[in-house]
Amino acid sequence: MAISMDDFNLGFEIGLSKEERHANILDAFDSVNHKAAGFVTGSFINSRWGHRVLEDWMRGGHIIANHTWTHSHANETNTGAYLSDIEKNQEFLKNFPGTSDYFRFPFLDDGRDRAQQEELFEGLKRFKLRNAPVTIDSVDWYTSSRMEAALKSNPNTELSPYRDYYVEMCVTLSNHWEQVAQALGFNGLPHLTLMHHNILNGHFLKDVVLALKADGWSFVNAKEAMSFAPFHPIPSEPTTGRNWLTLKSREMNIDVPPYPKKYLKFGRITMDAIGL
Ligand SMILES: [Zn+2]
């Protein structure tokens with residue numbers, strides 16, 4: 001798999017400074033010799049510190065790519081305005097030489113209907129950007145939001161239960177999506193895992209990648225994974241937040257293994273039950 005890390009919301013600092021979070025994430029990639037991809041929302045990171053983060057990513061051999069300027073929902077946005085937002089981010093990313101030609105739709109929302117989806121993919125073509133879908137969703141944004149809420153109410157919250165929960169979830173979900181890929185005949189698929197630049201990964205990304213490695217996973221450079229040609233064309237229907245493999249199973253009309261029950265509703269019920 002390759003790891004793609006979205007958004008770059010750098011603000012949360014309870015218990016872990018922005019410098020520590022940044023260093024830990026790069027160290028986690030280095031621990032498995034992985035070159036990742038960062039999908040950057042420019043308005044989140046247009047600061048002196050933000051520029052430094054992106055420069056370090058590029059210096060480390062990681063890829064920087066476009067995730068719109070404001071992180072809007074396509075289905076709630078006028079198509080022309082949405083394309084301008086992509087273009088504005090592309091202008092911002094020009095400050096960082098070597099920016100890649102990949103794009104990811106925020107919320108995996110590529111349009112409210114087929115017509116808008118087609119217009120957006122035409123726009124990507126004009127900007128010479130290729131779509132980067134997701135084949136493994138770590139659901140880290142939800143887990144991190146729960147941990148952030150706990151830290152806000154008590155900065156001394158014991159975090160190891162969050163680590164154990166997150167590590168196990170990443171391994172389980174990665175194996176689930178690999179089973180789906182195999183059911184669809186995609187043997188050796190270069191998976192694109194979705195994570196976010198958040199406090200959860202600042203603490204525990206290294207634990208996750210080492211657990212995945214121990215489980216038998218290997219890491220392919222994000223640049224190579226994203227170049228997998230079937231990822232780029234317009235999907236057969238609007239993505240509406242779904243995994244690329246889910247859309248493929250519908251398109252190919254093939255039954256695939258069901259999503260692990262434990263992690264339905266982003267894991268909310270399980271987290272409630274174990275008190276996280
Ligand atoms: Zn995002």
Side-chain angles (χ1 to χ4, degrees), residues 1-12 18 21-22 25 29 36-47 50 53-54 57 62-77 79 81-93 96 99-112 116-117 120-121 123-124 127 129-148 166 169-170 173 177 191-202 205 208 222 225-226 231 235 238-244 246-247 266-267:
M1 71 167 72
I3 293 175
S4 54
M5 191 165 266
D6 289 10
D7 297 6
F8 290 74
N9 248 323
L10 305 175
F12 193 92
K18 62 181 191 291
R21 188 214 292 199
H22 171 53
I25 285 173
F29 294 145
F39 283 85
V40 172
T41 292
S43 67
F44 293 173
I45 198 172
N46 191 18
S47 62
V53 168
L54 294 188
W57 270 61
H62 307 290
I63 283 178
I64 296 299
N66 192 328
H67 194 46
T68 75
W69 178 253
T70 60
H71 208 274
S72 305
H73 267 290
N75 75 68
E76 296 167 354
T77 311
T79 301
Y82 193 90
L83 291 173
S84 300
D85 202 56
I86 295 174
E87 200 171 13
K88 183 170 180 183
N89 206 41
Q90 203 59 16
E91 286 298 315
F92 167 72
L93 291 172
F96 305 94
T99 293
S100 76
D101 55 355
Y102 287 96
F103 174 79
R104 176 170 290 143
F105 288 93
F107 312 103
L108 303 177
D109 171 6
D110 56 8
R112 68 185 79 90
Q116 190 188 25
Q117 188 190 30
L120 292 174
F121 271 81
L124 290 188
F127 299 144
L129 292 171
R130 288 183 282 183
N131 184 38
V134 169
T135 67
I136 297 172
D137 187 346
S138 73
V139 205
D140 66 325
W141 60 273
Y142 181 75
T143 312
S144 194
S145 73
R146 300 272 300 223
M147 196 175 91
E148 287 167 28
Y166 182 45
M169 180 165 68
C170 285
L173 291 180
W177 289 112
H191 283 278
L192 287 180
T193 295
L194 171 60
M195 292 180 171
H196 295 80
H197 200 296
N198 57 28
I199 201 75
L200 182 73
N201 286 312
L205 180 60
V208 168
M226 294 194 305
F231 285 154
T239 296
T240 55
R242 286 172 293 178
N243 189 303
W244 183 82
T246 301
L247 295 176
F266 314 120

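Given the structure is predicted, the values throughout are model-derived calculations rather than measurements. Just so you know, ligand 1 is whichever comes first in the structure, and atom 1 is the first atom listed for that ligand.
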Original post:
Which value, rounded to 10°, describes the NE2(H67)-the Zn ion (ligand 1)-NE2(H71) angle?
Top reply: 100°

**OP:** Give, for atom CG of D140 and atom CE of M5, the distance between the pair rounded to the nearest 0.5 Å.
**Re:** 7.0 Å

Original post:
Is the distance from the Zn ion (ligand 1) to the nearest N/O/S atom of H196 under 2.8 Å?
Top reply: no

Subject >> R104 side-chain N/O to H67 backbone N/O, donor-acceptor pair under 3.5 Å >> reply: no

Original post:
Between F29 and W57, how do the two ring planes meet: parallel, tilted or perpendicular, split at 30° and 60°?
Top reply: perpendicular

Original post:
What atom name does the N, O or S atom of D7 nearest to the Zn ion (ligand 1) carry?
Top reply: OD1

Original post:
Aromatic ring centroids of F105 and F103 under 6.0 Å?
Top reply: yes

